[in-house]
Amino acid sequence: MPPPGRGMGMGHAGWTGMRSFRQDRSVLTHRVKPGTTRRMLHFAMPYRRILSVFLPVVVLDAAVGAVNPLILRAIIDRGILAHRDGLVIALAAVAAGLAVVDAGLSLFERRVSAVIGEGLIFDMRSKVFRHIQEMPLAFFTRTQTGALVSRLNNDVIGAQQAFTDLLSNVVGNIVTVVIVLGAMFVLSWQITLVALALLPLFLVPARMVGRRLGAMTKESYDLNAEMNMVMNERFNVSGALLVKLFGRPHAEAAHFDERAARVRDIGVAQALYARLFMVALTLTAALATAFAYGFGGVAAVRGELAVGTVVALTAYLTRLYAPLTQLSNVNLDVMTTLVSFERVFEVLDLVPMIAERPDAVAVPRGPATIELDHVDFSYPAAEDVSLASLEAVAVLESAPRAQVLHDVSFSVAPGRMVALVGPSGAGKTTVSALVPRLYDVTAGAVRISGVDVRDATMSSLRDVIGVVTQDPHLFHDTLRANLLYARPSATELELRDALARAQVLALVDSLPDGLDTVVGDRGYRLSGGEKQRVALARLILKSPDVVVLDEATAHLDSESEAAVQEALRGALAGRTSLVIAHRLSTVREADQLLVVDGGRIVERGTHTELLALDGLYADLYRTQFADQDDRGAAAAVHPATASARP
């Protein structure tokens, strides 16, 4: 990027100066956190060697650009007016050579600026991405995806642009202004003072326009972010389905049009203000140029100034106003840079609630045990896991944190199956989330093979434990890629074996592209049961020692459920299993049933023992099977009506 005001008249510099005025001026009132500048410079440290070359080149390029008017002066005064054609040719050649040098320096600056800028983007984006991956599940349950993506993209790029623009423009502008003003004062201090006196005629209205531009720019950013959020939510399969089912497409369109219309109006106003800015800058420079020609021309006629000096002064004027304008806003540029970096650091400063300890140990592979020892649990508060700026609706939570689990204790022996049953909201899924350490207990301990999960390495927990949730997620990719996510080294034979054991191989073979079939967003090209069986195949391929199934057969019809149950018997053989089920028919054969209610284990035993106890489990069982018996009786009396029911 060439320093402002050189080689291109006022165009590039003028637009760059206008961009400075368009920035949100509210950042000037922002109190930047201590240490932000030091951390910003820390990101630039890997580029200190290239910066040590870049900055001198910027200075040299600014100096080269400021020499041209002096050469022009010499061509007129010492060459043309003195009728020395040889000198004219020599000086023109020097000017041409300097133009080539200036072009080369500009290309070098752009190259180095791109290396630094793109390097900063890579460094920050990579660091933020890795840090976000370390955040606990609670962080993602509160954070708005669109805001998080914006922080990873827009804020990172904004920080990079602010840094590189500030670095090159400020240095280049300072050198340009110093050289130009020095040369102008030497040539004619009177014309120089008048030219400087005209600058406030532009700066004062420009600042007024700048305040309005800054406010509109901030509003347009907010509106665009909101529209992006709306599109992210409405354009995925679930959002689109909800809009269609509730019949609100016109309301959604009107809501979107309202914001898009405001962005349109802001764009029109910004274009007008931008043109007004350029017109005012050009007019001020034109007035100064007219004065220089008028005053300098009279002085030249009287013999007080050389003609070449007058021409050089007017050439310098075109290079003076835009850099001075940008430097008048240097405090805004600096604050914008610091705030952009601060927003990135805000994410990096979020300390993951769940982190691997330095002395963590690996959970041993092989037959495993699960033990929950007097576990209490409360979900973390918002301020502990997220940022208000990353949530669509940031509301301070004043209510005390409710305890979800109370003194939960049980163990699962190697190769055994324990099932958690109970009413909705009892805490079953919460228990299952503690085993793979998606959350940390508030009190007590969760152990796998005798190792407290808080003392275990994250990688060993992921290797030992396999989970299938009620709504398993599939990436918008091929079936093969989704399966290989569990074990990238799996062979084609192993993939097909896992699919066969999950009772889904016949389906895959029936697809035109087989394993290379793209499953669509979140796997929506598959039915619920098909997606569930693919997830089970992924689990089988992973071959964990501990299996957690959270309503893994919830979306299956009776025929598919029977097939998957048979597949699970083989897949779970020899593995320790923790199964959550609302359909009690799927867990009657469990080695132990734990009945959870209100965050407590209120009953435990086998299916037969719990029925004999005639407690909550018996009530749930009778309710479920009474409903099934009623539907069966209705089907017998009214078969046509019953078969039409879902």
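None of the values given here were measured: they were computed from a predicted structure.
- Heavy-atom minimum distance, Arg84 versus Arg78: CD-O, 3.3 Å.
- Within 6.0 Å of atom CZ in Arg39, more than 12 heavy atoms from other residues, nucleotides or ligands are found, so the atom counts as buried in its surroundings.
- For the residue pair Val175 and Ala62, the shortest heavy atom distance occurs at CG1-CB, 3.5 Å.
- Heavy atoms only, all atoms of each residue included: Ile354 and Pro136 are closest at CD1-CB, 4.1 Å.
- Side-chain N or O atoms of Glu109 include none that pairs as donor or acceptor with a backbone N or O of Val58 at under 3.5 Å.
- In this structure, CG in Asp61 is found 8.5 Å from OG1 in Thr176, a value given to the nearest 0.5 Å.
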May I have the step-by-step check of side-chain contact (heavy atoms from CB on, under 4.5 Å) for Ile132 and Phe139, ending in yes or no? CA-CA 9 Å; Ile132 289 174; Phe139 171 81; 4.2 Å; yes
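- Going from atom CH2 of Trp189 over to atom CG of Leu181 covers 15.0 Å, rounded to the nearest 0.5 Å.
- Using the six-membered ring where Trp is involved, Phe291 and Phe295 have ring planes that are parallel, under 30° apart on the 30 and 60° scheme.
- One N or O on the side chain of Ser52 and one on the backbone of Arg49 form a donor-acceptor pair closer than 3.5 Å.
- Under a 3.5 Å cut-off, the side chain of His131 and the backbone N or O of Val347 do form a donor-acceptor pair.
- The distance from the CG atom of Leu72 to the CG atom of Asn68 is 8.5 Å, given to the nearest 0.5 Å.
- We find the OH-CD1 distance between Tyr47 and Ile116 to be 8.5 Å, quoted to the nearest 0.5 Å.
- Rounded to the nearest 0.5 Å, atoms CG (Asp123) and CD (Glu118) are 11.0 Å apart.
- At least one donor-acceptor pair closer than 3.5 Å links the side chain of Tyr316 to the backbone N or O of Ala66.
- Between Val311 and Arg73 there is no side-chain heavy-atom pair separated by less than 4.5 Å.
- When Val310, Leu313, Thr314 are each tested for a side chain to side chain contact (heavy atoms under 4.5 Å, CB included) with Ile191, only one passes: Leu313.
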Where do Val307 and Leu81 land on the side-chain contact (heavy atoms from CB on, under 4.5 Å) test, with the steps shown first? CA-CA 9 Å; Val307 175; Leu81 296 180; 4.1 Å; yes
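- When every heavy atom of Ile75 is checked against every heavy atom of Leu91, the shortest pair comes out as CG1-CB, 3.4 Å.
- Summarising the local packing, CZ of Phe122 is surrounded by 12 or fewer heavy atoms from other residues, nucleotides or ligands at distances under 6.0 Å.
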Full working for side-chain contact (heavy atoms from CB on, under 4.5 Å) between Asp102 and Leu98: CA-CA 6 Å; Asp102 183 64; Leu98 287 176; over 6 Å; no
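- The OH atom of Tyr485 lies 9.5 Å from the NE2 atom of His473; values are rounded to the nearest 0.5 Å.
- Using a cutoff of 4.0 Å between basic side-chain nitrogens and carboxylate oxygens, Arg262 and Asp257 are not scored as salt-bridged.
- Here the closest heavy-atom approach between residue Thr309 and residue Asp77 is recorded as N-OD2, 3.5 Å.
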Show the numbers, then the answer: is there a side-chain contact (heavy atoms from CB on, under 4.5 Å) between Val112 and Val57? CA-CA 10 Å; Val112 174; Val57 170; over 6 Å; no
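- Taking all atoms of both residues into account, the shortest heavy-atom contact from Ala312 to Pro69 is CB-O, 3.5 Å.
- When atom types are taken as modelled, the side chain of Arg48 and the backbone of Met45 share a donor-acceptor pair closer than 3.5 angstrom.
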Do any side-chain atoms of residues 192-200 form donor-acceptor pairs under 3.5 angstrom with protein atoms, and if so which ones, sequence neighbours left out?
{"unit_1": "Thr192", "atom_1": "OG1", "unit_2": "Met184", "atom_2": "O", "d": "3.0"}
{"unit_1": "Thr192", "atom_1": "OG1", "unit_2": "Ser188", "atom_2": "O", "d": "2.8"}

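- Considering only heavy atoms from C-beta on, Asp477 stays 4.5 Å or farther from Val519 through its side chain.
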